[in-house]
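Down below is the structure, laid out as structure tokens.
Note on naming: letters A, B, ... go to the chains in the order of the sequence lines (proteins, then strands), and numbering restarts at 1 for each one.
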Amino acid sequence: MRLTPRLEVRSALEAAVRSLGVPAEEIPDMELMRARNRQHGDYASGAGLKLARVLKRPPAQIAGELAERIDIPEATAEGAGGYVNFRLRETWLRELVARVAGEGPSYGSSDLGQGEKVQVEFASVNPTGPLHIGHGRGVILGDAVASVLAFTGHAVQREYYVNDQNTQARLFSESVYARLHGKEPPENGYRGDYVAVIAGEAREALPGIEDLNFEAAEPRLRRFAIDRMVDQLAASVGRLGVRYDQWYRESALWQQGLPQQAIERLRESGYLIDREGAVWFRHGEEEETNDEDRVVVRSSGEPTYFASDLGYLLSKFEVRGFQRVIDVWGSDRHGYVPRMKAACDALGIGRDRLVVILNQIVNMKEGRMSKRLGRFIPLDELVDEVGADAVRYFYLLRSPEAMLEFDLDLMLAQSNENPVYYAQYAHARLANLEEFARENAGSLPAEPELSLLEQPWELDLAREVAYWPEHVEDAARLLEPHRIPYAIHELADRVHGFYQAGNRDWQHRVVVEGEPELTRARLELCRAARHTLKSALTLVGVSAPDKM
RNA sequence: GCCCCGCUAGCUCAGUGGAUAGAGCAGCUGCCUUCUAAGCAGUUGGUCGGGAGUUCGAAUCUCUCGCGGGGCACCA
């Protein structure tokens with residue numbers, strides 16, 4: 001099943017509006033939302049209010065007429081004031097339960113993306129030290145965006161941009177070289193213990209490296225040190241279930257001549273100007289100096305990181321042919337967005353194909369983290385303390401723009417209260433019910449009679465199952481994966497309510513002695529709900545245990 | 001000075017211009033001899049930072065002020 005009930009309702013509503021004879025250009029956007037109040041059904045539209053002005057008639061009358069003209073298998077329509085309220089039909093819900101029970105944990109996936117080739121580049125931290133809890137946010141956000149897109153039929157690639165050619169990379173190799181000779185790293189260098197560890201490994205792996213002077217040793221030493229860091233970064237994100245498809249190196253861009261090509265192209269199309277011995281990217285149209293102009297090649301002849309990024313754009317959009325690229329950056333780089341967008345236009349790529357998601361910087365209660373000063377909490381440490389599932393959920397629950405003040409003590413204290421367990425528990429309960437039934441319920445009908453599902457809590461659960469694909473669609477369309485854990489919570493809530501009915505009255509249990517038909521029908525609902533929960537938890541990279 | 005983000009319950013946070021603003025945690029009161037109590041039911045708690053505007057309708061859009069965070073390099 002590919003279409004969500006919401007889509008069917010929407011097209012029926014739009015058809016009804018057209019049939020009222022409203023001129024196409026006068027039709028305002030028909031909003032269709034989930035009804036907040038359950039008395040209003042499952043979906044609601046203020047269509048009557050919207051059209052009142054155009055049609056010059058009372059909203060309630062219009063809403064009533066619209067409702068009369070809508071007849072679809074998914075839902076009933078009813079005019080209420082200026083609103084049209086839609087209510088999913090129980091018959092349709094029962095069919096859905098059977099389908100989801102049969103479909104399995106891929107429920108909610110779709111071909112919405114139609115195979116669009118999308119790259120998600122995220123958490124591309126300088127490979128000069130371990131990830132800390134601030135980076136964790138970008139890691140989880142980027143990975144979840146990628147997962148949601150993959151689930152909705154996009155061809156997704158996860159990429160980490162390895163800055164192995166910038167001044168930080170050189171500072172890093174200088175620090176390793178110093179440790180190799182038992183010296184202190186240079187001022188502003190990297191002082192963490194891992195630097196000395198890498199130096200020790202370099203001594204083993206690169207015999208004679210310490211006998212060379214720095215300039216002679218540097219290229220091999222840098223490659224080795226960054227290789228080691230990439231391994232460590234991959235291991236760290238791997239513990240959170242994140243796997244990059246590619247670790248793309250800045251140096252590879254220059255080997256392919258891509259920044260050079262980009263500069264040449266911009267030169268030909270007049271986007272570059274020479275000023276004060278340097279080459280500038282001209283941001284605006286004006287001939288005169290613009291504050292937004294930025295240096296591409298320094299007066300020393302050295303390119304800036306911006307030159308690399310120009311080549312990187314060519315690599316992404318032209319060499320590798322991504323239709324869309326989503327970059328996840330910390331919001332401290334928001335000022336860089338307009339420049340990259342302008343560069344996309346100037347290179348003929350088009351600014352809309354580059355999407356930048358900014359996530360707010362993570363602050364520690366004690367003050368800003370600094371890798372250089374060694375003042376940070378490693379991501380690995382957090383995973384050690386709290387576990388991957390809770391860490392993922394913790395980051396995922398926040399929208400990217402929300403500030404996040406990190407209080408490790410609070411986090412540790414609350415780790416047992418993490419909402420992820422609520423959802424996992426719901427899954428485990430369902431799995432347990434099915435297990436219990438297999439062992440204790442005796443022989444049951446092969447096919448369920450789903451019309452026996454008629455209790456409100458049963459239909460509420462089925463309703464929540466029906467909403468699931470919409471949450472996925474919204475998360476993918478808006479690139480907002482934080483919607484998923486909230487949807488998961490709703491679902492788990494209904495599962496617990498469904499279960500709890502059996503604690504109030506034994507006849508409302510799933511497995512009811514002497515009622516094989518009813519038991520069978522309820523088990524079908526269990527299976528559908530379990531598949532949905534499994535689908536949802538898997539989508540956000542969280543395990544769905546059968547026992548807790 | 002200019003730009004971006006945030007400000008919603010005691011705390012952490014959700015909330016497509018729609019009807020009575022939600023969740024988790026914390027607090028209070030109940031519910032396990034029978035399918036998992038990491039659960040359920042009930043309850044307390046709000047000038048949606050202040051003000052103005054647009055609209056039939058604003059937490060949501062615009063303007064303005066305040067507070068907090070971040071950014072404005074021939075660093076990345």
Pick the [atom1] atom in [N] and in [M], then give their distance to the nearest Å.
| N | M | atom1 | answer |
| --- | --- | --- | --- |
| B:rG42 | B:rG17 | C1' | 34 Å |
| B:rG1 | B:rA19 | P | 39 Å |
| B:rG24 | B:rU44 | P | 15 Å |
| B:rC32 | B:rA37 | C1' | 6 Å |
| B:rU29 | B:rC48 | P | 31 Å |
| B:rA26 | B:rG15 | C1' | 22 Å |

Does any donor-acceptor pair link the side chain of [X] with the base of [N] at a separation under 3.5 Å?
| X | N | value |
| --- | --- | --- |
| A:H334 | B:rG70 | yes |
| A:N85 | B:rA19 | yes |
| A:R477 | B:rU16 | no |

Near-parallel close stack of A:Y499 and B:rC35 base (under 5.5 Å, under 30°): yes
Within 45° cone of A:F306 ring axis and under 6.0 Å: A:R294 NZ or CZ: no
N or O in side chain of A:S399 less than 4.0 angstrom from B:rA14 OP1/OP2: yes
Closest-nucleotide 5' rank along RNA chain B - winner of A:G502 and A:T167: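 The answer here is A:G502.
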5' priority, RNA chain B, between A:S300 and A:F394 [closest heavy atom]: A:F394
Whether A:Y305 and A:Y336 hold their rings parallel, tilted or perpendicular, with breakpoints at 30° and 60°: tilted
Aromatic ring pairing A:H471/A:Y467, orientation class (parallel under 30°, perpendicular over 60°, tilted between): perpendicular
Anti versus syn assignment for B:rC65, with syn defined as within 90° of 0: anti
Sugar-phosphate only, base, or nothing, as touched by A:L478 at under 4.0 Å among non-hydrogen atoms: nothing
